[in-house]
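First the structure, in the form of structure tokens, and then the observations on it.
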Amino acid sequence: MTASVISRINRENLLLVENNPAYIVITKREFSRVKTSLEFELTKNKLTYKATSINISGNGIGFSCNDCEFTQDEEIFIKIELPIENDSAETIETQAKIISVSKDYIAAKYTGINPKYQDKLVKYVFKTSTKDNKWS
């Protein structure tokens, strides 16, 4: 039998664990993502456009952009100001490839991202996903 954590760590570093039958879980994602609305710039064919993120991860970004049309497999350049502590921001720049396009949602996967930038994105996702945790 397996066990599952069913509570967050409390002030005494305790958490509640429950025994339950094994459930097989298959995840397709290597990186967690978080919903976020960040304004950023993207460059396509040497033209720069404003876009807004819908979600973000250490591996890619979902966004909307009303000023430009996109097609699958297009290459773009992303420049985003990632909020960090004390109301400051870190500039993240990377190439990306469009992987899917729908009416109001474009998904892009980072290509050749600097590991330092990827680390900053992963930390941002973690911090954003846990900011409502009253114990942290």
Side-chain angles (χ1 to χ4, degrees):
M1 186 167 274
T2 62
S4 295
V5 175
I6 58 172
S7 71
R8 294 182 175 172
I9 295 177
N10 66 17
R11 290 185 181 128
E12 290 81 34
N13 283 331
L14 301 175
L15 52 87
L16 184 59
V17 177
E18 174 183 72
N19 288 330
N20 56 11
Y23 294 103
I24 297 173
V25 177
I26 299 172
T27 60
K28 294 182 180 181
R29 300 193 186 282
E30 181 180 0
F31 293 90
S32 296
R33 63 181 168 170
V34 66
K35 291 181 181 180
T36 187
S37 181
L38 300 171
E39 300 292 321
F40 69 97
E41 290 182 353
L42 66 86
T43 304
K44 175 184 145 182
N45 299 327
K46 299 182 181 177
L47 296 173
T48 301
Y49 302 95
K50 298 286 184 188
T52 304
S53 69
I54 296 171
N55 59 56
I56 196 166
S57 78
N59 200 39
I61 188 168
F63 65 95
S64 64
C65 180
N66 297 326
D67 300 330
C68 185
E69 297 290 322
F70 297 91
T71 58
Q72 190 170 348
D73 296 327
E74 277 186 306
E75 295 288 332
I76 61 173
F77 181 79
I78 294 172
K79 182 178 179 181
I80 189 166
E81 296 292 323
L82 200 62
I84 56 175
E85 294 177 15
N86 304 326
D87 295 326
S88 59
E90 171 109 19
T91 302
I92 305 291
E93 298 179 334
T94 186
Q95 294 288 116
K97 183 177 186 177
I98 304 296
I99 57 172
S100 70
V101 179
S102 64
K103 182 180 177 193
D104 298 322
Y105 183 82
I106 302 106
K109 182 176 182 177
Y110 311 131
T111 55
I113 187 169
N114 181 323
K116 178 180 96 172
Y117 290 157
Q118 190 170 45
D119 185 55
K120 298 279 185 189
L121 287 161
V122 168
K123 287 177 182 176
Y124 172 79
V125 168
F126 177 76
K127 185 171 182 165
T128 302
S129 67
T130 59
K131 72 180 177 183
D132 292 330
N133 181 351
K134 63 183 177 180
W135 308 115
S136 59

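Given the structure is predicted, the values throughout are model-derived calculations rather than measurements.
- Looking only at side-chain heavy atoms (C-beta outward), T52 and S37 come within less than 4.5 Å of each other.
- The distance from the CD1 atom of I92 to the NZ atom of K79 is 12.0 Å, given to the nearest 0.5 Å.
- With rounding to the nearest 0.5 Å, the separation of CD1 in I80 from CD in E90 is 12.0 Å.
- Rounding to the nearest 0.5 angstrom, the gap separating the OG atom in S53 from the CD atom in E39 is 8.0 Å.
- Grouping the Ile, Leu, Val, Met, Phe, Trp and Tyr side chains by contacts below 4.5 angstrom, directly or via other members, places I61 with L38.
- Rounding to the nearest 0.5 angstrom, the gap separating the NZ atom in K120 from the CD atom in Q118 is 13.5 Å.
- Nearest heavy atom pair, residue I76 against residue A108, reads CD1-CB, 4.3 Å.
- Taking all atoms of both residues into account, the shortest heavy-atom contact from T91 to E93 is CG2-CG, 3.9 Å.
- A chain of hydrophobic side-chain contacts below 4.5 Å, direct or via other Ile, Leu, Val, Met, Phe, Trp or Tyr residues, connects V34 to L82.
- A salt bridge links E41 to K50: at least one charged side-chain nitrogen sits closer than 4.0 Å to a carboxylate oxygen.
- For the pair T94/T111, no side-chain contact is recorded, criterion being any heavy-atom separation below 4.5 Å from C-beta on.
- Both Y49 and F40 are assigned to one and the same hydrophobic cluster, defined by single-linkage of ILVMFWY side chains at heavy-atom distances under 4.5 Å.
- The main-chain N or O of F126 is found under 3.5 Å from a side-chain atom of S129 such that the two form a donor-acceptor pair.
- Between V125 and R33 the shortest side-chain heavy-atom distance does not fall below 4.5 Å.
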CA sep, side-chain torsions, deciding dist, call: T128, I56, side-chain contact (heavy atoms from CB on, under 4.5 Å): CA-CA 10 Å; T128 302; I56 196 166; over 6 Å; no
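- Between F70 and L42 the shortest side-chain heavy-atom distance falls below 4.5 Å.
- I113 and F31 fall into different hydrophobic clusters, defined by Ile, Leu, Val, Met, Phe, Trp and Tyr side-chain heavy atoms under 4.5 Å apart, directly or through other members.
- Taking CD1 of I54 as the start and OG1 of T36 as the end, the distance is 11.0 Å to the nearest 0.5 Å.
- Judged purely by atom type and a 3.5 angstrom limit, K44 uses its side chain to pair as donor or acceptor with the backbone of E69.
- Scanning both residues, S32 and S57, for their nearest heavy atoms gives O-CB, 3.1 Å.
- Counting only heavy atoms from C-beta outward, the side chains of N55 and Y105 approach each other to under 4.5 Å.
- Panel note: side chain Y110, backbone N59; no donor-acceptor pair is recorded below 3.5 Å.
- Taking 4.5 Å as the limit, some side-chain heavy atom of Y124 sits within range of a side-chain heavy atom of P83.
- Cluster membership check: V122 does not share its hydrophobic cluster with I78, using side-chain heavy-atom separations under 4.5 Å among Ile, Leu, Val, Met, Phe, Trp and Tyr.
- In this structure, N114 contributes its side chain and K116 its backbone to a donor-acceptor pair below 3.5 Å.
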